Amino acid sequence: EVQLVESGGGSVAAGGSLILSCAASGVTSSTACMGWFRQAPGKEREAVAAIRPGGSSTAYADSVEGRFVISQDNAKNTMYLQMNSLIPEDTAMYYCAAGERYAVRIGSCLSGSKYNYWGQGTQVTVSS
């Protein structure tokens with residue numbers, strides 16, 4: 001079974017940066033997508049970024065394109081989200097996720113329906 005543990009959240013002023021980490025265990029070759037999602041109070045969960053496990057294909061939500069970078073260190077079984085130029089609208093609980101449901105295109109990995117494993121979340125707060 002896949003287990004995911006996020007870390008690295010915190011409070012930062014607008015314009016600042018944070019790096020989130022997701023330590024994964026149990027990820028196998030059947031894992032098709034890994035990604036970051038976020039949910040702000042009173043809002044629906046939304047995709048932030050996704051990456052192919054062991055690969056280089058990535059996809060980003062329009063709202064973070066050019067500001068956030070998703071990456072992975074296969075040797076450490078860890079996925080990262082580098083968040084730059086943070087704005088107050090980025091304030092949310094951020095979740096790491098892994099999915100074994102087939103996704104032919106990396107863009108499909110931005111759909112929450114592709115994921116069946118979720119972490120507990122890490123809070124990111126951006127002040128203006």
Side-chain angles (χ1 to χ4, degrees):
E1 182 175 330
V2 176
Q3 292 187 327
L4 305 168
V5 179
E6 304 96 335
S7 61
S11 297
V12 64
S17 298
L18 280 174
I19 301 175
L20 303 184
S21 299
C22 173
S25 61
V27 174
T28 68
S29 58
S30 63
T31 302
C33 302
M34 290 198 68
W36 289 97
F37 290 75
R38 66 186 182 187
Q39 187 167 20
K43 295 188 176 181
E44 293 187 355
R45 184 184 63 197
E46 63 175 356
V48 175
I51 190 167
R52 290 285 195 194
S56 59
S57 297
T58 58
Y60 296 91
D62 291 343
S63 59
V64 306
E65 180 85 55
R67 298 189 299 122
F68 291 10
V69 178
I70 188 171
S71 63
Q72 59 190 343
D73 185 331
N74 296 319
K76 296 181 179 179
N77 294 320
T78 302
M79 179 174 66
Y80 303 96
L81 185 68
Q82 171 75 50
M83 304 186 295
N84 302 316
S85 302
L86 284 160
I87 58 178
E89 290 75 15
D90 294 321
T91 295
M93 185 71 78
Y94 283 71
Y95 297 92
C96 167
E100 298 172 338
R101 297 173 181 138
Y102 181 68
V104 62
R105 298 179 299 108
I106 185 62
S108 299
C109 290
L110 291 177
S111 170
S113 66
K114 294 298 182 183
Y115 295 86
N116 42 349
Y117 299 103
W118 298 84
Q120 294 300 305
T122 185
Q123 178 68 37
V124 172
T125 302
V126 184
S127 58
S128 57

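Because the structure is predicted, anything quoted here is derived from the model rather than measured.
Judged as a side chain to side chain contact (heavy atoms under 4.5 Å, CB included), and not counting sequence neighbours, the contacts of Val69 are Tyr60, Gln82. Applying the side chain to side chain contact (heavy atoms under 4.5 Å, CB included) test to Ser71 and every residue at least two apart in sequence or in another chain returns Tyr80. Annotation: side chain to side chain contact (heavy atoms under 4.5 Å, CB included) contacts of Val12 (sequence neighbours excluded): Leu18, Leu86, Val126.
For the pair Lys114 (side chain) and Cys33 (backbone), a donor-acceptor distance under 3.5 Å is absent. A donor-acceptor pair is defined here as one N or O able to donate and one able to accept, closer than 3.5 Å; no such pair exists between the side chain of Ser111 and the backbone of Ser108.
For the atom pair CD of Gln123 and OG1 of Thr91, the computed distance is 7.5 Å after rounding to the nearest 0.5 Å. Interatomic distance, Glu46 CD to Trp36 CH2, rounded to the nearest 0.5 Å: 14.5 Å. Interatomic distance, Glu1 CD to Gln3 CD, rounded to the nearest 0.5 Å: 6.0 Å. Rounded to the nearest 0.5 angstrom, Leu81 CG and Ile19 CD1 are separated by 9.5 Å. To the nearest 0.5 Å, atom OG of residue Ser63 and atom CD1 of residue Ile87 are 7.5 Å apart. Taking OG from Ser7 and CG from Leu20, the interatomic distance works out to 8.0 Å, rounded to the nearest 0.5 Å.
Under the 4.5 Å side-chain heavy-atom criterion for grouping Ile, Leu, Val, Met, Phe, Trp and Tyr, Val64 is not connected to Phe37 through any hydrophobic cluster. Using a 4.5 Å cut-off between side-chain heavy atoms of Ile, Leu, Val, Met, Phe, Trp and Tyr, with links allowed through other members, Ile51 and Ile106 fall into different hydrophobic clusters.
Shown here for Cys109 and Ala103, the closest heavy-atom pair between the two residues is SG-CB, 3.8 Å. In plain terms, the two heavy atoms of Pro88 and Ser128 that are nearest each other are CG-CB, 3.8 Å. Of all heavy-atom pairs between Gly121 and Glu6, the closest is N-OE1, 2.9 Å.
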Tabulate below the donor-acceptor pairs under 3.5 Å that side-chain atoms of residues 92-101 make, not counting sequence neighbours, or state none.
residue: Tyr94; atom: OH; partner: Arg38; partner atom: NH1; Å: 2.9
residue: Tyr94; atom: OH; partner: Asp90; partner atom: O; Å: 2.6
residue: Arg101; atom: NH1; partner: Ser113; partner atom: O; Å: 3.1
residue: Arg101; atom: NH1; partner: Tyr115; partner atom: O; Å: 2.9

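With a 4.5 Å cut-off on side-chain heavy atoms, Gln72 and Thr78 do not count as touching. Residues Thr58 and Arg52 fail the side-chain proximity criterion, which asks for heavy atoms closer than 4.5 Å. Looking at heavy atoms from C-beta onward, Trp118 lies in side-chain contact with Arg45 at the 4.5 angstrom threshold. Within the 4.5 Å cutoff, no side-chain heavy atoms of Phe68 are placed close to those of Ser85.
Residue Leu110 belongs to no hydrophobic cluster, having no ILVMFWY side-chain heavy atom closer than 4.5 Å to its own.
Within the structure, the side-chain hydrogen bond (donor to acceptor under 3.5 Å, both in side chains) test picks out the following pairs touching residues 9-23 (sequence neighbours left out): Ser17-Asn84.
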